[in-house]
Amino acid sequence: MSEEHGRVGFATLNGTRFSYEIAGTGQPVVFLHAGITDKSMWNEQFASFAATYQAVRYDLRGFGETPLVEGTYAHYQDLHALLDYLHIESAHLVGCSMGGCTILDFALAYPQRVRSLTVVASTPNGYEYHIEDASAQTLLEEHVAAVRAGNIKRAADLETRYWLVGVQRRVDHLPPALIQRVEAMNRVAMANKVAFFNRVSEQELQPPAVERLEEIHVPTLIIVGDLDDRNILAGSHYMTTHIQRARKATISGTAHFPNLEQPAEFNRLVLAFLRAQV
């Protein structure tokens, strides 16, 4: 396919082989997925954004079609290598959860490469979590037990239950197809984590992003679902008050994946934000 209509490809960078997809023309918008999904979590966004922008999405290492390999790595350095490979000098960055942490680190390490940030359901690296809800604690303990037992399916499904459904809702509050979709993505990620346990290490930016948010000067949109984990809600507020050009938008009735639960509203918010940066 031509670049105008889209292309998929693989790029060998930093010791592994990244799967990516590009569609559209215009200013680049790069999507980074959450830590229990892969690049297909942006299916409901990709075509809409490619109508106006050059949309790029990829599987981070250990997710989807990108292998996890033994050794040390840094997600934000992988992003830097991919942008260089694709000859993208600067881009609007959209990241959910782990993807949000990654684009914050990237913006601090390579500020000249960033046009804007959209941070979804995330906190900056270094932000301290506090688990106070009993049901949340139970879910997390069951997840850890499943990981230690090597039960990849159960570990992935429990993690999906925690993040996608949330502790404030029952499983039957969401469409079964959506739950199954995220579970399938997470099983790949969980299998990689279990297979490479203690054989990989992530090198996060130092000092951590949580201590350096005032250094971010690009326009920043922070999106949160009101049913998400309390730490995510608190961390989103923290980012809003510490990033100089940040504003927050809440998508009601959603948890950790507002782009999956209410894609039309998510697309409207982010496209309007991006248009305002021209």
Side-chain angles (χ1 to χ4, degrees), residues 11 13-16 18-21 28-42 45 55-69 71-86 88 90-127 129 163 185-186 189 192-193 200-213 215-216 218-224 228 231-232 235-236 238-239 242-243 246 256-259 270:
L13 306 165
N14 295 347
T16 192
F18 290 88
S19 172
Y20 67 88
E21 182 177 0
V29 180
V30 183
F31 294 87
L32 284 78
H33 61 77
I36 67 169
T37 60
D38 58 41
K39 66 179 180 295
S40 68
M41 74 164 279
W42 302 113
Q45 282 69 54
V56 180
R57 59 178 171 174
Y58 71 102
D59 290 329
L60 281 73
R61 66 172 64 220
F63 300 87
E65 298 178 296
T66 299
L68 188 62
V69 294
T72 60
Y73 68 94
H75 285 308
Y76 74 94
Q77 296 289 21
D78 289 341
L79 173 58
H80 182 259
L82 182 65
L83 293 184
D84 283 351
Y85 175 85
L86 297 175
I88 295 174
S90 62
H92 301 283
L93 302 179
V94 181
C96 180
S97 194
M98 180 188 73
C101 297
T102 301
I103 65 174
L104 288 168
D105 281 357
F106 183 86
L108 289 165
Y110 303 102
Q112 72 280 6
R113 306 293 295 270
V114 181
R115 294 173 181 252
S116 73
L117 298 172
T118 299
V119 183
V120 185
S122 188
T123 61
N125 278 323
Y127 187 82
Y129 274 56
W163 290 114
M185 289 188 278
N186 196 21
N192 280 320
K193 291 175 185 176
V200 296
S201 61
E202 181 179 0
Q203 294 182 329
E204 296 180 353
L205 189 68
Q206 295 298 331
V210 70
E211 300 175 11
R212 302 174 56 187
L213 296 180
E215 298 176 30
I216 297 175
V218 296
T220 301
L221 175 63
I222 296 166
I223 297 179
V224 66
D228 205 347
N231 292 279
I232 300 296
S236 296
Y238 183 87
M239 288 187 289
H242 285 76
I243 298 175
H256 204 57
F257 296 98
N259 70 300
V270 180

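By convention here, the first residue in the shown sequence is residue 1.
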Review point. Can Thr72 and Glu202 be said to form a side chain to side chain contact (heavy atoms under 4.5 Å, CB included), step by step?
Key: CA-CA 6 Å; Thr72 60; Glu202 181 179 0; over 6 Å; no
Under a plain distance cut-off of 3.5 Å, with no hydrogens placed, do [Y] and [X] share a side-chain donor-acceptor pair?
X	Y	value
Tyr110	Gln77	yes
Gln45	Asn259	yes
Thr123	Tyr129	yes
Thr118	His92	no
His33	Asp38	no

Would you confirm whether [X], through its side chain, and [Y], through its main-chain N or O, come within 3.5 Å as a donor-acceptor pair?
X	Y	value
Arg61	Asn14	yes
Thr66	Ser19	yes
Ser236	Val224	no
Ser90	Ile88	no
Thr37	Ala34	yes
His75	Leu60	no

With a 4.5 Å limit on heavy-atom distance, are the side chains of [X] and [Y] in contact?
X	Y	result
Leu79	Asp105	no
Tyr73	Ser201	no
Pro124	Leu213	yes
Leu104	Ile243	yes
Ile216	Leu117	yes
Ile232	Ser122	no
Leu93	Phe106	yes

Notebook entry, point to check: Quick one: side-chain contact (heavy atoms from CB on, under 4.5 Å) partners of Asp84, sequence neighbours excluded?
Noted result: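 Counting only residues at least two positions away or on another chain, Asp84 forms a side-chain contact (heavy atoms from CB on, under 4.5 Å) with His80, Arg113.
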Rounded to the nearest 0.5 Å, what's the gap from CG on Leu108 to CZ on Arg212? Could you check?
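It comes to 5.0 Å.
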- Query: Could you state the interatomic distance from OG (Ser97) to CZ (Phe257), rounded to the nearest 0.5 Å?
  - Reply: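 Here the interatomic distance stands at 6.0 Å.
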Minimum-distance pair of heavy atoms, taken over all atoms of [X] and [Y]:
X	Y	value
Asp228	Ala121	OD2-CB, 3.5 Å
Tyr76	Glu204	CE2-C, 4.5 Å
Met185	Ser40	SD-OG, 3.3 Å
Ala107	Val114	CA-CG2, 3.8 Å
Pro67	Thr16	O-OG1, 2.8 Å
Ile103	Gly95	CD1-N, 3.5 Å

Take Val210 and Tyr238, measure what side chain to side chain contact (heavy atoms under 4.5 Å, CB included) needs, and give me the verdict at the end.
-> CA-CA 9 Å; Val210 70; Tyr238 183 87; 3.8 Å; yes
- Message: Once salt bridge (Lys or Arg N to Asp or Glu O under 4.0 Å) is applied, do any residues pair with Asp59, and if so which ones, sequence neighbours excluded?
- Response: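 Salt bridge (Lys or Arg N to Asp or Glu O under 4.0 Å) list for Asp59, sorted by chain: Lys39.
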Step-by-step side chain to side chain contact (heavy atoms under 4.5 Å, CB included) determination, Leu32 to Val94: CA-CA 6 Å; Leu32 284 78; Val94 181; over 6 Å; no
**OP:** Could you go through the side chain to side chain contact (heavy atoms under 4.5 Å, CB included) check for Glu21 and Phe31 one step at a time?
**Re:** CA-CA 10 Å; Glu21 182 177 0; Phe31 294 87; over 6 Å; no
Practice item. Kindly assign one of parallel, tilted or perpendicular to the pair Tyr58 and Phe18, based on the angle between their ring planes and the thresholds 30° and 60°. Key: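 Taking Phe18 first and then Tyr58, their aromatic rings stand perpendicular (interplane angle over 60°).
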